[in-house]
Amino acid sequence: MTETLNPAGIPAFPGTRAAGCPFDPPPALQGLQEHGPLVKVKLWDDSTPWLVTRYAEQRTLLADPRVSADITRPGYPSQAPYNGGSLSFILMDDPEHARLRRMVTAPFTIKRVEAMRPVVQKIVDDLIDDLLAGPKPVDLVEAFALPVPSLVICELLGVPYTDHDFFQDNSKTIIKRSATPEQRAAAGGRLAAYLDELVGRKLDDPQDDLLSQLAVRVKAGEMSRQEAAQMGVLLLIAGHETTANMIALGTLALLRHPGQLALLRESDDPKLVAGAVEELLRYLNITHSGRRRVALADIEIAGQVIRAGDGLIMPNDIANRDATAFADPDELNIRRDARRHVAFGFGVHQCLGQPLARMELQVVYSTLYRRIPTLRLATDLDQISFKHDGQVYGVYELPLTW
Amino acid sequence: MKITIDQDKCVSSGQCVTAAMDVFDQRDEDGIVLLLNPAPPAELADDVRQAAAVCPALAIHVTE
Ligand code: HEM
Ligand code: SF4
């Protein structure tokens with residue numbers, strides 16, 4: 001621990017992961033749990049928000065209405081200077097947050113998501129057909145992990161088949177490492193303009209999809225056409241790289257735990273598959289930069305007082321590895337009951353897309369390793385580059401062969 | 001076991017339906033929780049406790 005303490009005695013956040021342990025949180029971060037449920041950390045801008053180290057306190061605070069997700073409030077522990085850009089409801093508080101969130105909840109009910117399962121199965125099967133017919137080795141990220149959620153979001157929003165390539169190409173550019181900030185912004189702009197135009201088409205010719213539902217609201221004067229298009233962009237950004245990284249990093253984790261992979265491959269019990277999804281979410285913690293909040297009032301918790309205006313960071317990485325919540329937390333065990341994990345957050349901002357993400361991952365994890373049972377890494381683990389600096393953790397590339 | 005729900009708090013996560021689909025459902029128009037059975041039989045008790053424990057909005061209350 002001591003080597004990570006800065007001269008003021010306050011550890012810097014975030015820390016770095018240990019070499020050779022790409023699935024574990026930074027040791028210094030995990031070590032903070034021993035210093036109690038709340039410790040001060042130092043950020044890039046020298047601010048010193050609270051880091052909430054424990055599962056129980058993270059859940060309590062994330063569900064507390066005196067805790068705000070509003071990035072414009074003083075004290076909010078931001079990851080980078082706030083550029084004053086337009087905000088989505090992920091960075092708003094109720095009642096405005098609830099009003100906007102409820103406009104897009106309908107397609108994410110368990111019933112609606114289950115109705116999409118055959119479509120997702122077909123997307124996954126077709127992509128695996130292409131993999132098997134193509135050259136080896138293959139980069140799983142490019143050829144499979146990114147296309148799956150991108151095509152699913154096309155389906156959800158109601159992007160016509162003929163526009164899928166345009167949609168996929170631009171979605172990929174937004175998160176491409178080699179793209180310049182200008183190229184990313186341009187791709188984002190093209191998608192926003194495209195979605196705006198598509199909302200226009202849905203206004204005239206509504207179908208059974210999310211953009212058509214938003215078009216109805218535009219007609220009713222509940223939101224502007226631009227807001228509807230922005231909602232589409234938000235869903236794309238929130239659901240694309242996250243799901244893709246769970247597919248690629250999850251596959252790598254399973255390849256490194258062959259016993260677990262064999263269990264999954266040899267079972268046709270949907271409960272075991274669903275449990276594996278929860279456990280991989282708990283274990284991998286791809287949203288690794290921590291939920292960020294600011295206190296609106298003095299809050300007493302765990303023998304401390306958080307003052308109004310204090311920043312709060314709640315990394316699910318360490319909450320999901322808290323031994324008081326999960327036995328042997330650093331073991332990947334797809335048979336454990338991991339359903340209480342906080343990989344989708346907690347409180348009113350808990351992931352809106354979680355039923356869809358779960359279903360996509362269930363389809364992928366129950367199909368990919370069965371159809372390609374000899375799937376293996378085509379390089380050494382130390383050749384793989386991890387998204388340490390990414391908003392969402394994962395691998396940049398995953399060369400596989402079979 | 002008796003269950004109460006708070007629809008104003010619900011954020012349509014669907015977690016309760018996944019945990020106990022015989023007890024909870026969601027409104028088609030916005031995914032808000034619906035209580036199918038406020039006094040479920042003993043064999044569903046574990047699932048219901050699970051639903052209350054994972055509800056992110058603390059919108060499910062169970063009295064044993
Ligand atoms: C495995 C994949 C995913 C993970 C790990 C994930 C994780 C998260 C987390 C941790 C949050 C909470 C943010 C906070 O509290 O500050 C969140 C929110 C959100 N997610 Fe996801 N997500 C995933 C997939 C998706 C998908 C597929 C969609 C939609 C298509 C989606 C849409 C959203 C939205 C709209 C929010 C904001 C909710 C709100 O503020 O009320 N996510 N997600
Ligand atoms: S788990 Fe809670 S927030 Fe989610 S749908 Fe059920 S009642 Fe609503």
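For clarity, every value in this text was computed on a predicted model and none was experimentally measured. Every chain is numbered from 1, with letters handed out A, B, ... down the list of sequences.
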**Request:** Measure distances from A:R339 to the heavy atoms of chain B and classify the residue's part below 4.5 Å as side chain, backbone, both or neither.
**Result:**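 Contact with chain B involves both backbone and side-chain atoms of A:R339.
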**Prompt:** What part of A:D94 gets closer than 4.5 Å to chain B, counting heavy atoms only: side chain, backbone, both or neither?
**Reply:**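 The answer is neither part of A:D94.
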**Request:** Classify the angle between the aromatic ring planes of A:F326 and A:Y55 as parallel (below 30°), tilted (30 to 60°) or perpendicular (above 60°).
**Result:**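 Aromatic pair A:F326/A:Y55 classed perpendicular.
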**Asked** Can you name the nearest heavy-atom pair linking A:L296 to A:P65, along with the distance?
**Response**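 Heavy atoms only, the tightest pair is CD1-O, 4.1 Å.
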Under a 3.5 Å threshold, yes or no: a donor from one side chain and an acceptor from the other, between [X] and [Y]?
| X | Y | answer |
| --- | --- | --- |
| A:T324 | A:D322 | yes |
| A:T367 | A:Q121 | yes |
| B:Q50 | B:Q15 | no |

**Message:** Using modelled atom types and a 3.5 Å cut-off, is there a donor and acceptor pairing between side-chain atoms of A:D209 and backbone atoms of A:S212?
**Reply:**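 Checked: pair present.
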**Request:** Report yes or no: does A:N285 contribute a side-chain atom to a donor-acceptor pair with the main-chain N or O of A:R282 at less than 3.5 Å?
**Result:**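 Between the backbone of A:R282 and the side chain of A:N285 there is a qualifying donor-acceptor contact (under 3.5 Å).
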**Prompt:** Under a 4.5 Å heavy-atom cut-off, does chain A meet the side chain of B:Q26, its backbone, both or neither?
**Reply:**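 Interface part for B:Q26: both.
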Kindly list each side-chain donor-acceptor pair under 3.5 angstrom involving residues 105-112 of chain A, sequence neighbours excluded, with atom names and distances?
{"unit_1": "A:T105", "atom_1": "OG1", "unit_2": "A:R102", "atom_2": "O", "d": "3.2"}
{"unit_1": "A:T105", "atom_1": "OG1", "unit_2": "B:D30", "atom_2": "O", "d": "2.7"}
{"unit_1": "A:T109", "atom_1": "OG1", "unit_2": "A:R112", "atom_2": "N", "d": "3.2"}
{"unit_1": "A:K111", "atom_1": "NZ", "unit_2": "B:D28", "atom_2": "OD1", "d": "3.1"}

**Prompt:** Does NZ or CZ of A:R59 come closer than 6.0 Å to the centre of the six-membered ring of A:F346, within 45° of the ring's axis?
**Reply:**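 Pair A:R59/A:F346 counts as cation-pi.
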**Contact winner vs chain A - B:C55, B:S13, B:C10, heavy-atom pairs under 4.5 Å** =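 Greatest number of close heavy-atom pairs with chain A: B:S13.
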**Message:** As an exercise: rank B:A59, B:A57, B:A53 by heavy-atom pairs under 4.5 Å with chain A and give me the winner.
**Reply:**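 Max contact count across the listed options: B:A53.
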**Asked** By number, which residues in residues 353-364 of chain A have some heavy atom less than 4.5 Å away from chain B?
**Response**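 Within residues 353-364 of chain A, the residues that come under 4.5 Å of chain B (heavy atoms only) are A:Q354, A:P355, A:R358.
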**Request:** Tell me, out of A:A98, A:C351, A:A63, A:G347, who's got the most heavy-atom pairs with chain B below 4.5 Å.
**Result:**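 Ranked by heavy-atom pairs under 4.5 Å with chain B, first place is A:G347.
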